[in-house]
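A quick note: this is a predicted structure, and the numbers were derived from the prediction, not measured. Both ligands and their constituent atoms are indexed starting at 1 by order of listing. Along the sequence shown, residues are numbered consecutively beginning with 1.
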Amino acid sequence: MDHPLKMLDVAGVAVSPHHYIDGHRVASTGSFELHCPIDQRLLGHVDEGGGAEVDAAIRASQRAFPAWSALSAAERKPFLDRFAAEIGKRADAFCLLESNDAGVLLSRMRHGVVPRAMLNITWFAEHALTLQDRPIHTEQAHHIVRHDPAGVVVVITPWNSPLLLSTWKLGPALAAGNTCILKPPEWAPLTCSLLADAADAAGLPPGVFNVVQGSGAHTGARLVSDPRIARVSFTGSVPTAKWIAQAAGANLVPCSLELGGKSPFIVLDDADLDNAAATGALMYRNAGQVCLAGTRFLVHERVAERFIAAMRGHVERLNVGDPREEATEVGPIIHPRQVERVLGYIDRAVAGGARVLWGGQRHPFGAQYVQPTMLTDLRQDAEIVQNEVFGPVLTLQTFGSDDEAIALANGTDYGLGGVCYGETAHATAVAERVRTGFIWVNSFGIRDLAAPFGGIKRSGIGREGGDWSFEFFCDVKDVVVPKKPFRASFSQR
Ligand code: NAD
């Protein structure tokens with residue numbers, strides 16, 4: 001049965017609450033409520049996909065795959081360049097939507113996220129031109145090593161940066177010749193819906209890019225369990241990743257898993273303390289809902305007091321407020337449930353003997369705001385040292401030697417990233433011994449599309465970025481052509 005189509009009006013932007021399947025908007029009976037994290041107002045009802053929508057999207061992607069994958073990278077590039085251009089034409093709308101449904105700073109959307117989303121598409125479209133057959137010549141044979149697109153790719157992203165994280169996966173997946181189904185986060189789905197408008201306006205063939213909305217348990221679980229899919233590219237939490245790995249694993253479908261972090265922020269005794277403290281305050285960006293933030297401060301005991309004073313100064317100047325205002329630096333937490341989770345972590349840590357250096361409570365700006373918080377006097381096995389909070393809550397421990405700093409840095413189950421401040425050669429040497437997927441020396445957040453990104457231990461499996469994205473989204477095939485006429489023989493090796 002066809003259901004009537006409608007549009008939502010969110011902050012003056014018209015956005016579809018429906019799925020996008022096979023080049024059309026598709027409505028379904030089920031829906032979920034979407035609320036604004038800034039003031040809790042109802043933004044609208046968004047469709048929830050079930051078995052029928054999942055099946056339709058997979059069939060559409062399968063139908064589109066032969067023609068899309070048969071194009072050369074050079075032939076796909078104009079489609080993707082137009083896709084990026086259509087994102088650019090809707091820049092204001094993307095900014096307003098993600099500010100309103102995810103609470104991301106409008107200024108960050110405008111200057112960081114939207115340009116990066118466009119680059120995620122154009123950079124991989126360009127880089128795919130390097131995906132040439134690789135010849136290997138041996139005594140026996142010519143090998144033609146091909147990177148063939150894998151098939152139907154399911155992309156699942158979290159709410160803390162839906163546009164950026166979705167395009168970071170879609171760019172390489174599409175450029176390599178796959179067809180895609182995006183399952184947006186249910187707490188912040190609107191920019192993913194607008195992405196479908198951009199793809200449609202760019203003339204991407206029907207079925208090449210689809211969006212099926214809904215919750216993880218209802219919609220996402222159906223997508224990742226389906227044996228017709230070729231890859232799952234997931235960013236989100238560890239418990240969800242374990243579930244997805246099992247569901248996809250039942251069909252031997254490869255997964256790329258970008259997960260949480262509890263990254264160390266190391267301050268050595270020869271660090272530029274004010275610089276380190278200014279960077280430290282950045283860890284409250286997006287209200288701390290950033291996987292790659294350095295959330296465990298490990299500070300040399302000789303400089304701890306001075307560092308704390310310097311960072312306190314930077315934190316006191318942070319502008320907490322409405323993310324739609326230009327001057328705001330720290331916005332809301334995505335959902336009331338997440339606020340309770342964050343406050344619960346603080347309460348239990350304090351009950352266990354932690355000392356609050358600053359913050360520690362709900363912020364007066366609004367119900368979904370928590371004060372930028374720093375806790376200290378913590379043992380390494382404390383819950384808040386070991387677990388990702390995903391809110392504006394940091395911890396601080398001190399150390400007396402490099403070995404001790406490294407032992408503390410490596411002393412959790414996570415291994416996503418890290419930050420290390422100190423004299424450059426010293427900080428680099430320490431950084432090299434920290435067991436994570438990446439680490440920034442005297443800096444933070446430098447992300448080059450050509451470089452590998454991802455975590456070790458519980459922080460994930462696989463790498464994204466540059467050639468690593470293509471390795472995941474492609475099937476490597478060796479076409480072997482013997483140099484001499486081949487004669488069948490049982491004695492052959
Ligand atoms: P989440 O795991 O709850 O949800 C992520 C996505 O998975 C959502 O779209 C959700 O609907 C979907 N999902 C949930 N259950 C599912 C299931 N059974 N099958 C299929 N899909 C399912 O994570 P979240 O709370 O939305 O995001 C926060 C987490 O994401 C944090 O742990 C954070 O560190 C992590 N994260 C990691 C990175 C990275 O690159 N490493 C980046 C951003 C966020």
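Both tests hold for Arg348 against Tyr345: distance to the six-membered ring centre under 6.0 Å, angle to the ring axis within 45°. Phe390 does not carry Arg341 over the face of its six-membered ring by the limits of under 6.0 Å from the centre and within 45° of the normal.
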Check ligand 1 for N or O atoms under 3.5 Å from a protein N or O and list each pair with its distance.
residue, atom, partner, partner atom, Å
ligand 1, 2 (O), Ser237, N, 2.9
ligand 1, 2 (O), Ser237, OG, 2.7
ligand 1, 2 (O), Thr240, OG1, 2.7
ligand 1, 9 (O), Thr157, O, 2.8
ligand 1, 9 (O), Lys183, NZ, 3.1
ligand 1, 11 (O), Lys183, NZ, 2.6
ligand 1, 11 (O), Glu186, OE1, 2.5
ligand 1, 11 (O), Glu186, OE2, 3.4
ligand 1, 11 (O), Gly216, N, 3.2
ligand 1, 19 (N), Ala221, N, 3.3
ligand 1, 23 (O), Ser237, N, 3.4
ligand 1, 25 (O), Trp159, NE1, 3.0
ligand 1, 26 (O), Trp159, NE1, 2.9
ligand 1, 30 (O), Gly236, O, 3.3
ligand 1, 32 (O), Glu388, OE1, 2.6
ligand 1, 34 (O), Glu388, OE1, 3.3
ligand 1, 34 (O), Glu388, OE2, 2.5
ligand 1, 41 (N), Leu259, N, 3.3
ligand 1, 41 (N), Leu259, O, 2.6

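One finds a salt bridge joining Arg59 and Asp55 here, because a Lys/Arg side-chain nitrogen approaches an Asp/Glu carboxylate oxygen to under 4.0 Å. The existence of a salt bridge linking Glu326 and Arg110 is confirmed by a sub-4.0 Å separation between a basic side-chain nitrogen and an acidic carboxylate oxygen. At a threshold of 4.0 Å, the pair Arg25-Asp197 counts as salt-bridged, since one of the basic side-chain nitrogens sits closer than that to a carboxylate oxygen.
Between Phe234 and Trp243, the ring center distance fails the sub-6.0 Å criterion.
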